[in-house]
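To start, the structure itself, in structure tokens.
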2 protein chains.
Amino acid sequence: MKKDKKVALEKAGWRVGSVRDFLGLSKAEEALVELKLTLSRSLRERRARRRLSQHQLAKLLGSSQSRVAKMEAGDPTVTIDLLVRSLLAMGTTQRELAQAIAAKSR
Amino acid sequence: MKKDKKVALEKAGWRVGSVRDFLGLSKAEEALVELKLTLSRSLRERRARRRLSQHQLAKLLGSSQSRVAKMEAGDPTVTIDLLVRSLLAMGTTQRELAQAIAAKSR
DNA sequence: CGAATATATGTCAGAACAGACATATAGTCA
DNA sequence: TGACTATATGTCTGTTCTGACATATATTCG
């Protein structure tokens, strides 16, 4: 894992490799966090492309500005579910979603 | 989406074929259900490929046989988060995940 | 500077989900 | 048939997530 990424993860409050005693799980957790970051960035990009404020997007999603901020910040309390639902609600297709995930967004 | 709507949808048999908006699902909800089905299938395929029983996989994931069954059945109580975490725990890479999502089935 | 706007952060009650367990169903084989 | 194995389904309870709210921190503009 790259240093800046690890810093970003720690900043977001993640404790990598601490939970279960299953061998591959810490690696899986890492992958999960990466995926979340990918989706976070994708969400922010799409919002920016539409020139929506967090407040406007929140209204569109039936959520709140603070939660949108947390989605984009990769906050640990935000699930992939919420991120994906938000992306889909913005009109992202499954294929586009796949592309975003594949690209890992940089 | 409301849970009772999802339940009603399942009762109507949406798992077998194309998901349509005959119950008034929005495009985003439709896409979400499709995505979950895609991930469900992918999970089942990967488990089958490894010749693991649901019980074995459950133990590997730190979960239970019943939850694995629900994951594969696309049960409404199963989130995308759980599906993705399971796939990643099985060693699926982000790129492979993207491919699975892009393919939609198969 | 102060007002306006956008974004970030912390907290909390209620809602949704998780694993676990019991149990049902289905297939296999002796 | 009955024992065995795999999978499906229903439900419970503790845990986690969510939207909402308050509030802090930019940033812009007059």
Side-chain angles (χ1 to χ4, degrees), chain A residues 8 10-15 18-22 25 28-29 32-33 35-37 39-41 43-89, chain B residues 1-11 13 15-16 28-29 32-33 36-37 39-41 43-89:
Chain A
E10 286 168 354
K11 185 191 168 199
W14 294 95
R15 293 160 303 169
S18 63
V19 183
R20 294 183 200 276
D21 45 17
F22 167 58
L25 204 54
E29 284 180 348
L32 188 75
V33 173
L35 178 59
K36 282 177 72 168
L37 289 177
L39 296 175
S40 292
R41 292 192 207 98
L43 184 68
R44 172 160 292 187
E45 281 166 18
R46 283 168 192 278
R47 179 176 65 84
R49 205 169 298 148
R50 290 197 186 184
R51 309 200 195 289
L52 294 172
S53 68
Q54 290 182 347
H55 181 76
Q56 287 173 313
L57 176 57
K59 190 166 287 182
L60 195 75
L61 300 175
S63 182
S64 61
Q65 178 269 326
S66 60
R67 191 132 293 274
V68 172
K70 281 164 198 188
M71 286 191 227
E72 295 184 351
D75 188 284
T77 70
V78 173
T79 59
I80 289 181
D81 255 90
L82 184 59
L83 287 166
V84 168
R85 283 205 310 272
S86 300
L87 284 167
L88 294 179
Chain B
M1 170 161 38
K2 295 289 182 288
K3 182 179 285 183
D4 55 358
K5 182 181 289 184
K6 274 189 177 177
V7 170
L9 191 58
E10 283 193 325
K11 292 282 197 286
R15 89 179 57 173
V16 292
E29 287 170 339
L32 189 73
V33 172
K36 281 177 72 168
L37 288 178
L39 297 175
S40 292
R41 290 193 211 98
L43 183 68
R44 172 161 291 187
E45 281 165 18
R46 281 169 191 278
R47 179 175 66 83
R49 206 167 298 149
R50 292 198 186 182
R51 305 192 196 288
L52 294 172
S53 69
Q54 290 182 347
H55 180 76
Q56 287 173 313
L57 176 58
K59 190 166 288 184
L60 196 73
L61 299 175
S63 182
S64 61
Q65 178 270 325
S66 60
R67 191 133 293 271
V68 172
K70 282 165 200 193
M71 286 190 228
E72 293 184 351
D75 188 284
T77 70
V78 173
T79 60
I80 289 181
D81 258 89
L82 184 60
L83 288 165
V84 168
R85 281 206 310 272
S86 300
L87 284 167
L88 294 179

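In what follows, chains are A, B, ... by sequence order, proteins preceding strands, each numbered from 1.
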Using whole Å, report how far CG of A:Asp75 lies from P of C:dT11.
12 Å
Could you list the protein-to-nucleotides 24-30 of chain C atom pairs, N/O on both sides, closer than 3.5 Å?
none

Minimum heavy-atom distance B:Met71-B:Leu61, with the two atoms named
CE-CD1, 4.3 Å
To the nearest Å, give me how far apart NZ (B:Lys59) and P (D:dT5) are.
13 Å
Roughly how far, to the nearest 0.5 Å, is the CG atom of A:Asp81 from the OG1 atom of B:Thr79?
4.5 Å
Please identify each residue that fulfils salt bridge (Lys or Arg N to Asp or Glu O under 4.0 Å) with A:Arg67, with sequence neighbours left out.
none
Taking the side chain as everything from C-beta on, heavy atoms only, tell me whether A:Leu32 gets closer than 4.5 Å to A:Ile80.
yes
Euclidean distance, atom CG of residue B:Leu57 to atom P of D:dT7 [Å, nearest integer]:
10 Å
Can you measure B:Gln54 atom CD to C:dG19 atom C1' for me and round it to whole angstrom units?
15 Å
Whole-Å gap separating C1' (C:dA16) and CD1 (B:Ile80)
15 Å
Rounding to 10 degrees, work out the angle separating the end axes of the helix from C:dC1-D:dG30 to C:dA30-D:dT1 (five pairs an end).
30°
Using every non-hydrogen atom in the two residues, find where B:Ser86 and B:Leu43 come nearest and quote the distance to one decimal.
CB-CD1, 4.0 Å
CD of A:Glu72 versus P of C:dT7: gap in Å, rounded?
8 Å
For nucleotides 17-30 of chain D, just jot down a letter per nucleotide in 5' to 3' order: B, S or -, based on protein non-hydrogen atoms under 4.0 Å.
SBBBB---------
Establish, with yes or no, whether the OP1 or OP2 oxygen of C:dA6 is under 4.0 angstrom from a side-chain nitrogen or oxygen of A:Arg51.
no
Please name all residues satisfying side-chain hydrogen bond (donor to acceptor under 3.5 Å, both in side chains) with B:Gln54, sequence neighbours left out, ordered by chain then number.
B:Gln65, B:Glu72
In this structure, NZ of A:Lys70 is separated from CG of A:Leu82 (nearest 0.5 Å) by 11.5 Å
A:Ser40 meets the side chain to side chain contact (heavy atoms under 4.5 Å, CB included) criterion, sequence neighbours left out, with A:Leu83
